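Since the structure comes first, as structure tokens, the remarks are kept for the end.
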2 protein chains.
Amino acid sequence: MVDPRRFPSLLAIRAFEAAARLGSFARAAQELDTTAASVSYHVRRLEEQIGVRLFARHPQRVELTEPGQLVAHEAINAFAALRASFIRAADVDETRLSLTTLPTLGTSWLTPKLGRFRAKHPEIALDLELSPDAQDLSTGHFDAAIRNGHGRWAGLRTTELLPSIFMPLCAPALKDAAAGIADPRHPLDVPLLGRSDWWALWYRTRGFDDVVLHGRFGTHLSAEYLDIAAAIAGHGIAIGSPILFRNEIESGRLVPAHDAVASDGRAFWFTFPIARQYSRKIASFREWLCDEASDDRDAARHYIRRTVIVEP
Amino acid sequence: MVDPRRFPSLLAIRAFEAAARLGSFARAAQELDTTAASVSYHVRRLEEQIGVRLFARHPQRVELTEPGQLVAHEAINAFAALRASFIRAADVDETRLSLTTLPTLGTSWLTPKLGRFRAKHPEIALDLELSPDAQDLSTGHFDAAIRNGHGRWAGLRTTELLPSIFMPLCAPALKDAAAGIADPRHPLDVPLLGRSDWWALWYRTRGFDDVVLHGRFGTHLSAEYLDIAAAIAGHGIAIGSPILFRNEIESGRLVPAHDAVASDGRAFWFTFPIARQYSRKIASFREWLCDEASDDRDAARHYIRRTVIVEP
DNA sequence: GGTCGACCATAAGTCTGCCTTATGCTGAGG
DNA sequence: CCTCAGCATAAGGCAGACTTATGGTCGACC
């Protein structure tokens with residue numbers, strides 16, 4: 001008599017399924033990496049729990065009863081279906097990579113390159129989420145992230161992509177007007193754009209601590225790439241990464257307003273939970289991403305070599 | 001990545017299935033009669049074991065991922081199929097009763113009554129096995145047994161059916177020739193048939209210990225009912241049960257050769273493993289069998305009242 | 001016939017994974 | 001602001017899972 005509220009012991013069902021499939025308690029024990037005594041015990045328990053004899057015992061073998069055959073058929077199918085579903089789930093999971101990254105890096109650096117990733121890995125669809133804040137990777141919403149920082153995050157595996165460096169950048173037409181930018185005491189005709197903390201650090205590399213930018217500072221938009229867009233439009237001198245805006249510099253739409261390069265010691269990192277270390281899609285994406293980053297580091301090696309790191 | 005040699009924890013699958021079906025860890029915990037912490041732990045374990053995120057976590061709810069939906073579908077089906085198979089197995093088991101019993105009781109007493117059992121319980125098919133030795137009920141070959149003895153068998157539940165009594169029985173034509181049977185010292189023209197131990201006990205009730213039957217004893221066939229058949233054919237006086245052979249006596253084919261009735265204190269018992277106590281078929285058969293036995297005890301009450309019990 | 005090995009069953013005792021308890025965090029709703 | 005619901009995680013206890021030892025029955029082989 002089956003009590004509808006109590007499901008039999010799953011371990012007992014497991015032992016029964018193996019014994020039924022293999023026709024032997026000894027062989028089931030082998031497959032389950034346990035002892036025949038354990039299998040015998042569990043089969044007996046299942047029989048007691050459902051109140052039906054599933055095996056007729058003979059001195060050196062067991063034989064399924066008619067009800068036993070019925071349960072065996074369903075149990076074998078159930079375990080096979082479950083096993084197949086795990087494999088299929090893993091395969092489905094491998095076809096879709098969800099990545100969270102910073103707005104500027106996503107917009108200006110990564111997105112233009114995705115054609116190449118898609119060409120190399122047509123089997124992987126990339127979902128990209130842009131966020132200025134680091135997303136929690138443990139909620140299961142994202143497979144991986146590209147973050148800015150020092151790369152020491154608990155439970156995560158990290159690979160450094162690019163150093164976080166910055167320098168004054170402006171439109172070519174503003175190059176002359178920006179000539180006096182290096183000395184904060186000299187008047188400047190064009191406003192400074194972008195993160196004030198980065199400007200402060202940049203002036204610190206020039207020997208000016210505690211610079212007050214009241215007369216010079218214009219505005220900082222919500223993301224670095226917007227500041228750069230304003231600079232390209234001729235609204236001022238922005239502070240930004242010569243690596244992330246490599247394309248704009250190479251096309252001549254953006255020029256360095258000064259040769260000094262600064263950094264706060266941070267970098268951009270590709271990161272994912274350690275538990276996902278066997279994910280093929282993450283490995284593929286990581287490999288491709290590291291190649292792209294390596295190319296860009298090479299192209300920016302003269303900027304990187306000049307970089308002065310200042311602790312914030 | 002699914003390791004083909006390691007199947008995930010079944011308890012983890014169970015917790016996941018409930019959470020997926022109910023859309024909530026808290027409700028799954030309720031159904032499984034455990035805590036949400038336990039469900040959370042097991043779902044996390046399953047995710048780690050197969051390397052795939054199955055749930056995306058939100059602050060107060062969870063949501064199945066695409067791979068999670070896939071596994072959930074299979075898991076829900078698997079558990080439902082298993083549960084249905086237990087119920088079906090129990091039902092199938094209820095349609096077939098396998099009984100082991102003694103040759104004479106099975107042939108002469110039970111078989112003639114089976115038409116009535118079949119009429120009362122057409123849904124139960126009875127498999128009857130006759131054996132002079134008590135069969136082991138723990139091997140799963142039989143559901144129940146009718147045995148002779150004192151009814152004290154470990155692990156078995158017993159119900160007394162009939163007392164094991166015996167008296168001299170012969171064909172009506174031999175009644176006169178059997179007149180001097182009670183005194184072993186008188187010559188007898190016809191041989192005694194049947195179990196010599198029973199004859200010895202019967203003479204003990206008559207005050208004759210250690211009787212030697214050299215001149216009187218004929219033969220004992222392999223079962224009591226065969227001895228009785230020989231008696232009916234006129235070959236001698238058999239010792240047997242007036243209850244088991246009630247039909248032959250009532251039809252006049254067999255008569256008591258003497259009025260004394262003896263017993264060794266044994267009885268016939270219906271018996272089954274305690275583990276089967278909830279079996280409906282066993283309960284139905286037992287109820288019917290007790291009614292039949294009760295009728296026969298009533299019909300034989302004058303024999304039973306006269307019985308003298310002798311310890312063997 | 002005797003011996004050995006295979007393969008069941010069961011009892012007693014060990015141990016480890018399951019589960020509980022305690023605690024913490026985030027929203028939603030009042 | 002406070003309370004509640006419903007997730008997550010850490011620490012520790014303990015009961016069920018499992019092992020070891022032992023026993024019984026065959027069948028094969030010598």
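Remember, it's a predicted structure, so these values are computed and weren't measured experimentally. Chain A is the first sequence line, chain B the second, and so forth, proteins listed ahead of strands; every chain is numbered from 1. Both backbone and side-chain heavy atoms feed into the values below; hydrogens, waters and symmetry mates do not.
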[X] [atom1] - [N] [atom2] separation (whole Å):
X        : N      : atom1 : atom2 : result
A:Phe25  : C:dA9  : CZ    : C1'   : 10 Å
B:Gln60  : C:dT26 : CD    : C1'   : 7 Å
A:Leu22  : C:dC7  : CG    : P     : 12 Å
A:His141 : C:dT26 : NE2   : P     : 14 Å
A:Glu47  : C:dT10 : CD    : P     : 10 Å
A:Glu48  : C:dA9  : CD    : C1'   : 13 Å

query = Around B:Glu129, counting heavy atoms of other residues, nucleotides and ligands shown, do more than 12 lie under 6.0 Å from its CD?
reply = yes

task = Output yes when a side-chain donor or acceptor of A:Thr271 lies under 3.5 Å from a complementary backbone atom of A:Leu156, and no otherwise.
result = no

request  = Measure from the side-chain N and O atoms of B:Ser38 to the backbone N and O of B:Thr34, and report whether any donor-acceptor pair falls under 3.5 Å.
outcome  = no

Roughly how far, to the nearest 0.5 Å, is [atom2] of [Y] from [atom1] of [X]?
X        : Y        : atom1 : atom2 : answer
B:Glu17  : B:Arg21  : CD    : CZ    : 4.0 Å
B:Leu64  : B:His73  : CG    : NE2   : 12.5 Å
A:Leu130 : A:Gln135 : CG    : CD    : 10.5 Å

ask   = Any side-chain N or O of A:Arg61 less than 4.0 Å from the OP1 or OP2 oxygen of C:dC8?
value = no

message = Please classify the nucleic acid contact of B:Ser24 as base, sugar-phosphate, or nothing, using heavy-atom distances under 4.0 Å.
response = sugar-phosphate

message = Under 4.0 Å, heavy atoms only, any strand: does B:Ala26 hit a base, just the sugar-phosphate, or nothing?
response = sugar-phosphate

query = Strictly by modelled atom types, are B:Glu63 and B:His58 linked by a side-chain donor-acceptor pair under 3.5 Å?
reply = yes

message = Is a donor from one side chain sitting under 3.5 angstrom from an acceptor on the other, for B:Asp133 and B:Ser131?
response = no

key: Contact interval (first through last nucleotide) of DNA chain D with protein chain B, 4.0 Å heavy-atom   = D:dA5 to D:dT9

ask   = Within 45 degrees of the axis of the six-membered ring of A:Phe272 and under 6.0 Å from its centre: does A:Arg286 put its NZ or CZ there?
value = no

Listing time: all N or O pairs from protein to nucleotides 15-19 of chain C that are below 3.5 Å?
residue	atom	partner	partner atom	Å
C:dC18	OP1	B:Arg45	NH1	3.3
C:dC18	OP2	B:Arg45	NH1	2.6
C:dC19	OP2	B:His42	NE2	2.7

